[in-house]
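Okay, structure first, notes after.
Counting starts at 1 for both ligands and their atoms, following the listed order.
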Amino acid sequence: MLTDKRILLIIAGGIAAYKSLDLIRQLRKRGAWVTPVLTKAGAEFVTPLAVSALAGEKVYRDLFDLTDEAEMGHIQLSRSADLVVVAPATADLMAKMAGGHANDLASTLLMATDTPVLIAPAMNVRMWEHPATRRNIATLRGDGVMVVGPNEGDMACGEYGPGRMSEPEEIVNAIETALAEGPLAGRRILVTSGPTHEPIDPVRYIANRSSGAQGTAIARALAVMGAEVVFVTGPADAERPEGVHIVEVQTAQEMLEAVQGVLPVDAAIFAAAVADWRVASASDSKLKKTKGGIPALEFAENPDILATVSQMEAGRPGLVIGFAAETDDVIANATSKRARKGCDWIVANDVSPETGVMGGHENAVTLISDEGAEHWPRMGKHEVAHQLAERIATALGSL
Ligand code: C5P
């Protein structure tokens, strides 16, 4: 519920701004207070009157509006909310945010705020896929900005692809997650997820079949229970979870660095399928077919991230959880893995092709702790995630 939560809603100039009117209505229906800010371009798409009528509050538009400054300065305005939401977040406003510009009311508020920020990007598919937008979104995620969407579909400009702003219900869900006060409120939890890609040369890499589905579901479940979640993910197919901090990496070495940058945390869940080996010296140029035969690849061992964190002498998370994806002798292998790595729990599962676990929606896991092995029935990955999140909340509560 959002009763009495204060949302500062920045509406930037995109056709999706019409959906923000419904977003205001839905937030109000859930008991939230919405203070609207309309950019100059935003006011080309929706009228200030419609925005303020739905919000039941004055709409703020101009940095140099002295009446506003007398009533409430822009610094105070930026900090008076529980959450700042930018919907739609245009390519231009995202670029300003990533670059630290402050040349109008919206960008100044975003620079001055000490409140969490959630953005709902909306733009043409080519703009979304442009390298500049890719860079900006990565920068913003790195700065702790939360992102919901965009969705894929038909666009107002007649093209098809990712770039449509999330629907108001999806944005409301992301807002609820971002503001969740649950049993894990105040807890900071790291989740690693997805495969890693280990380059052979600039176009080839070694990877595995992990979709990132289980790690994503765990990150979502923890966030819903109120945790501050940092999600370090390899190049996974699964959609990124809402309401969490996302750090994207490619290789095992990058994942280790990212994880070390995220510590300290209360708990760490290592759901990523990290490649055990990398090519010792990846080529800077594409390997060519030669008459001389097939190139020989020499491998080097990747750092074991789970073992490294489990065996930290100072600053070890209170609860460290690893995964053991096995194809045979699941329990025996997972039990010895727990001892070898030094983690507290192992979530073991059988990933033999006939189980359909890799890339599928279901999982049959066994939780291995110092109390032994506990078999969970086969269930959806979301249910596994919720049960695990509940266990984590109980364990952290008694630490
Ligand atoms: O040794 P194995 O890969 O089977 O162990 C699986 C567990 O260890 C998973 O939790 C995985 O995320 C973690 N792991 C890791 N770094 C590696 C290899 C595995 O964190 N290099």
Would you call D22 and R25 a side-chain contact if the rule is heavy atoms closer than 4.5 Å? yes

Option with minimal heavy-atom separation from atom 15 (C) of ligand 1, where the choices are I269, T192, L306, N208: L306

Point-to-point distance, once rounded to the nearest 0.5 Å, from CD of E242 to OG1 of T216: 10.0 Å

Got an N/O contact under 3.5 Å between I321 and ligand 1? no

Backbone of E301 reached by a side-chain donor or acceptor of R278 within 3.5 Å: yes

Shortest reach to atom 11 (C) of ligand 1 by a heavy atom, considering only A272, G322, A271: A272

Under-4.0 Å salt bridge between D344 and R316: yes

Evaluate the salt bridge (Lys or Arg N to Asp or Glu O under 4.0 Å) criterion for residues K341 and D304: first the C-alpha distance (whole Å), next the side-chain angles of each, then the deciding distance (0.1 Å), finally the verdict. CA-CA 9 Å; K341 305 235 185 192; D304 190 318; 2.6 Å; yes

of all protein heavy atoms, closest to atom 16 (N) of ligand 1 is I305 N, 3.0 Å

Short N/O distance, under 3.5 Å, between K341 and ligand 1? yes

Please determine if K337 has a nitrogen or oxygen closer than 3.5 Å to a nitrogen or oxygen of ligand 1. yes

If we number the atoms of ligand 1 from 1 as shown, the ones under 4.0 Å from a heavy atom of D276 are 3 (O), 18 (C)

Working note: N151 + E170, criterion side chain to side chain donor-acceptor pair (under 3.5 Å); need CA distance, chi angles, decisive distance, verdict. CA-CA 10 Å; N151 292 340; E170 294 172 299; 2.8 Å; yes

Atom 9 (C) of ligand 1: nearest protein contact (heavy atom, Å): F323 O, 3.1 Å

Check ligand 1 against P303 and write out every atom of the ligand that is under 4.0 Å from a heavy-atom position of the residue. 16 (N), 17 (C), 21 (N)

Note: ligand 1 atoms sitting under 4.0 Å from heavy atoms of F270 are 9 (C), 10 (O), 11 (C), 12 (O)

Check for me whether R134 meets the cation-pi criterion with W128, that is, NZ or CZ under 6.0 Å from the six-membered ring centre and within 45 degrees of the ring axis. yes

Polar-atom distance check: A273 versus ligand 1, any N or O pair below 3.5 Å? no

May I ask you to identify, for A324, whether its side chain, its backbone, both or neither come under 4.0 Å of ligand 1 on a heavy-atom basis? neither

I need the M111 CE to L109 CG distance, nearest 0.5 Å. 11.5 Å

